[in-house]
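Quick caveat: nothing in here was measured; it's all calculated off a predicted structure. Nothing fancy with the numbering, it's 1 onward along the sequence.
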Amino acid sequence: MLHIMTDAKQVLQSLGREAVKSALGVKQSAIYAAEGKGVFPAAWFDALDSMGASQGVSVPRTLFNWKHASEDGEERRDDTPL
């Protein structure tokens, strides 16, 4: 059964903070920062998606800080106003 996560804290609890830290090769402070912000760096998507798939956990793309082009062609992050 696939468990769909709705926030970053749930993902980290389900996958295990230490396992995520090890898989990504990041410091504990990066894990805490992502949890505190409620969003993961986009560069973490492949690793977390793969970890989730192997554990039956769905890691939604909405939990990542993706860059998008605005109407004027400038890059912006999901949390940057137009």
Side-chain angles (χ1 to χ4, degrees):
M1 181 175 174
L2 186 66
H3 294 99
I4 299 172
M5 301 290 107
T6 58
D7 63 47
K9 185 175 183 174
Q10 284 182 327
V11 171
L12 292 170
Q13 287 174 338
S14 293
L15 300 179
R17 284 173 184 80
E18 283 300 314
V20 169
K21 183 181 112 175
S22 178
L24 295 169
V26 297
K27 294 181 180 181
Q28 191 67 37
S29 59
I31 301 296
Y32 287 130
E35 184 175 8
K37 291 178 184 176
V39 63
F40 299 113
W44 294 10
F45 179 76
D46 288 339
L48 295 181
D49 187 53
S50 178
M51 288 178 74
S54 70
Q55 296 181 32
V57 173
S58 174
V59 182
R61 292 179 60 85
T62 57
L63 295 180
F64 293 84
N65 192 11
W66 301 105
K67 289 184 180 179
H68 299 281
S70 65
E71 291 179 17
D72 61 6
E74 294 293 318
E75 280 189 357
R76 67 174 181 83
R77 298 195 180 272
D78 279 343
D79 58 353
T80 304
L82 290 174

Visitor: May I have the list of side-chain donor-acceptor pairs in residues 8-16 shorter than 3.5 Å, sequence neighbours left out?
Guide:
| residue | atom | partner | partner atom | Å |
| --- | --- | --- | --- | --- |
| Gln10 | OE1 | Thr6 | N | 2.6 |
| Gln10 | OE1 | Thr6 | OG1 | 2.8 |
| Gln10 | OE1 | Asp7 | N | 3.4 |
| Ser14 | OG | Gln10 | O | 3.1 |

Visitor: Compile the donor-acceptor pairs under 3.5 Å between side chains in residues 23-34 and protein atoms, sequence neighbours left out, one pair per line.
Guide:
none

Visitor: Can you list, pair by pair, the side-chain donor-acceptor contacts under 3.5 Å of residues 39-49, counting residues two or more places apart and other chains?
Guide:
none

